[in-house]
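Residues: numbered from 1 along the sequence shown.
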Amino acid sequence: MQLKSFFQKFAACFILGITLSADVLLVGRDKRPIWISPAMVFGLAGLCFFASIIYAIVWYFKTKSKEEDLPQKSQFILDFIRYALAFNVASFGWKKIFGQQFVVPQHIADIPMSQQSGEWLTWFYFGHSYPFACIVASMQIVGSLLFLFRKTQMLGLFVLLPVMLNILLINVFYEMNGGALMQSIVLVMGVLYFLLLEWDKLMLFFFQKNEDDASLSVSNNPIKNIVRFSAIVFALLFVYRLENEPKQNEILIGSYDVKSLKVNNKAINVDSCIMDSTLTKIYFDIGDVCVLEFNRSNRRKIGHYDFDNVQKQIKLTFEQSPEKIEVLTAKLIQLEDPQQMLMLAKMGSDSLQITLQKLK
């Protein structure tokens, strides 16, 4: 393919510049020699970008002054971009295989999930399954290899685009660090650039007419189209109905701190108590799940509850084993503070008086 206009030359050199800059930052980020400072890495990345832009201008004016503009020069630039893109994407693929991505430091992994940033949650989630990481890595490596050959370039693009686009969306909406975000933006731009170069072929492939179109057009009547759209509409109505079913326990759902506790009319200092048998938190969760937490997250009783919104009464059933079933019945009383309520409960032979502070 020959790049003729200034826009075509500038676009190619722009993609080349940002891709080379991304490669420099990728290589210079990890395990660089001590004598190479971060400033040198960023400086080299900037030099690659601006040199590419300057080359686009020089290239255009040379051809404009009637100097020979060989198609081989355009193809060399495109091949250079392909190589730089493939190197970058394949590097991230190999990093996944060798366990250099999706690694969470232990001091971060031990922080409760509700206190984690989107970035660490993402890395912890994807790092949970090494086989899945290898599948993503294989698509990046195989896609990059296919992309390097002109005959399989389009196939490589179709392999890489969904993977890289998904990574870009994760980096944006899960608030990944700026370096990861910029790398994914550059790679997606590179893939989209080559797809745009093949725009005519894509339109022909997806929307070409063939001999069967005549017979197919006869079947495209309004009734059949309505039936087709009805699948989407009925799915919407089904989910909408589930979403708007009356939920009597909706006002109860949340997590609660135990502010004060009396067991058999004996007050227990919750704040200073370190006993594992002391109730410190209660969760009323989705799916009518109730969790009693006793001073730490690994000391819990989990069960289900029924809530009478009219009588403000609740029945909790905790199945610890097939032979042992514990039942807690309680009356809920709303206090002056709308975020606090009093639970007068009975569990086995014990009577409980619990003041709860709603957290969320």
Side-chain angles (χ1 to χ4, degrees), residues 1-3 7-32 36 38 40-60 70-98 100-101 136-168 171 177-199:
M1 179 179 183
Q2 186 171 6
L3 306 172
F7 176 77
Q8 290 176 327
K9 289 179 169 62
F10 180 84
C13 291
F14 176 81
I15 296 297
L16 176 62
I18 61 175
T19 306
L20 287 177
S21 298
D23 287 353
V24 170
L25 294 175
L26 172 65
V27 174
R29 178 181 180 273
D30 301 316
K31 304 295 182 182
R32 65 177 181 269
I36 298 180
M40 294 173 64
V41 175
F42 283 101
L44 181 57
L47 179 63
C48 289
F49 175 75
F50 287 111
S52 299
I53 299 301
I54 293 172
Y55 180 77
I57 299 172
V58 173
W59 183 16
Y60 173 73
L70 298 175
Q72 290 89 334
K73 183 177 291 187
S74 298
Q75 194 58 57
F76 175 78
I77 296 295
L78 296 178
D79 289 343
F80 202 168
I81 299 173
R82 279 214 305 266
Y83 188 92
L85 280 172
F87 169 81
N88 197 307
V89 177
S91 295
F92 283 109
W94 289 118
K95 280 190 172 187
K96 293 177 179 66
I97 290 178
F98 286 101
Q100 297 176 18
Q101 280 197 309
V136 176
S138 299
M139 295 181 70
Q140 289 180 303
I141 295 169
V142 173
S144 298
L145 182 61
L146 293 171
F147 179 55
L148 286 169
F149 296 91
R150 295 180 192 176
K151 288 185 177 181
T152 57
Q153 173 183 294
M154 189 66 71
L155 179 58
L157 289 172
F158 282 126
V159 172
L160 291 177
L161 180 60
V163 177
M164 301 314 303
L165 187 59
N166 186 52
I167 291 174
L168 172 59
N171 289 343
N177 64 80
L181 176 60
M182 291 307 300
Q183 287 281 352
S184 59
I185 290 174
V186 168
L187 297 177
V188 169
M189 287 179 63
V191 172
L192 290 177
Y193 172 74
F194 277 91
L195 283 174
L196 288 174
L197 290 179
E198 305 292 343
W199 183 257

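Closest approach of Ser144 and Ala90 over heavy atoms only: OG-N, 3.6 Å. The shortest non-hydrogen separation linking Ala45 to Ser21 is O-OG, 2.7 Å. Nearest heavy atom pair, residue Ser52 against residue Gly17, reads OG-CA, 3.3 Å. Pairing each heavy atom of Asn171 with each of Ala180, the nearest pair is ND2-O, 3.3 Å.
Separation of atoms CZ (Phe158) and CD (Gln153) is listed at 11.0 Å; rounding is to 0.5 Å. To the nearest 0.5 Å, atom CG of residue Leu157 and atom CD of residue Glu198 are 8.0 Å apart. Atoms CG and CD1, on Leu25 and Ile18 in that order, are 12.0 Å from each other to the nearest 0.5 Å. With rounding to the nearest 0.5 angstrom, the OG1 atom of Thr19 is 12.5 Å from the CZ atom of Phe87.
Between the Thr152 side chain and the Leu146 main chain, a donor and an acceptor come within less than 3.5 Å of each other.
Inter-residue side-chain proximity for Ser74 and Trp59 is flagged as met; some heavy-atom pair is nearer than 4.5 Å. Using a 4.5 Å heavy-atom threshold, the side chains of Leu85 and Asn88 count as separate. At least one side-chain heavy atom of Ile77 sits under 4.5 Å from a side-chain heavy atom of Tyr55. Counting heavy atoms from C-beta outward, Arg150 and Asp79 have side chains that approach closer than 4.5 Å. Under the 4.5 Å side-chain criterion, counting only non-hydrogen atoms from C-beta, Leu192 is in contact with Leu161. Val24 places none of its side-chain heavy atoms less than 4.5 Å from the side chain of Leu47. Considering only heavy atoms from C-beta on, Lys95 comes within 4.5 Å of Leu26 through its side chain. Arg29 is not listed as a side-chain neighbour of Gln183, based on a closest heavy-atom distance of 4.5 Å or more.
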One pair to check against side-chain contact (heavy atoms from CB on, under 4.5 Å): Leu181 and Leu168. What are the steps and the verdict?
CA-CA 7 Å; Leu181 176 60; Leu168 172 59; 4.1 Å; yes
Tell me, with the steps shown, if Phe49 and Leu20 meet side-chain contact (heavy atoms from CB on, under 4.5 Å).
CA-CA 7 Å; Phe49 175 75; Leu20 287 177; over 6 Å; no
Could you go through the side-chain contact (heavy atoms from CB on, under 4.5 Å) check for Ile141 and Ile97 one step at a time?
CA-CA 10 Å; Ile141 295 169; Ile97 290 178; 3.8 Å; yes
Using side-chain contact (heavy atoms from CB on, under 4.5 Å), reason through Leu78 and Leu197 one step at a time and then give a plain yes or no.
CA-CA 10 Å; Leu78 296 178; Leu197 290 179; 3.8 Å; yes
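Atom OH of Tyr83 is surrounded by 12 or fewer heavy atoms from other residues, nucleotides or ligands within 6.0 Å. Within a 6.0 Å radius of CZ in Phe149, no more than 12 heavy atoms belonging to other residues, nucleotides or ligands are found.
Note: Phe80 and Phe76 have tilted aromatic rings, judged against thresholds of 30 and 60 degrees for the angle between ring planes.
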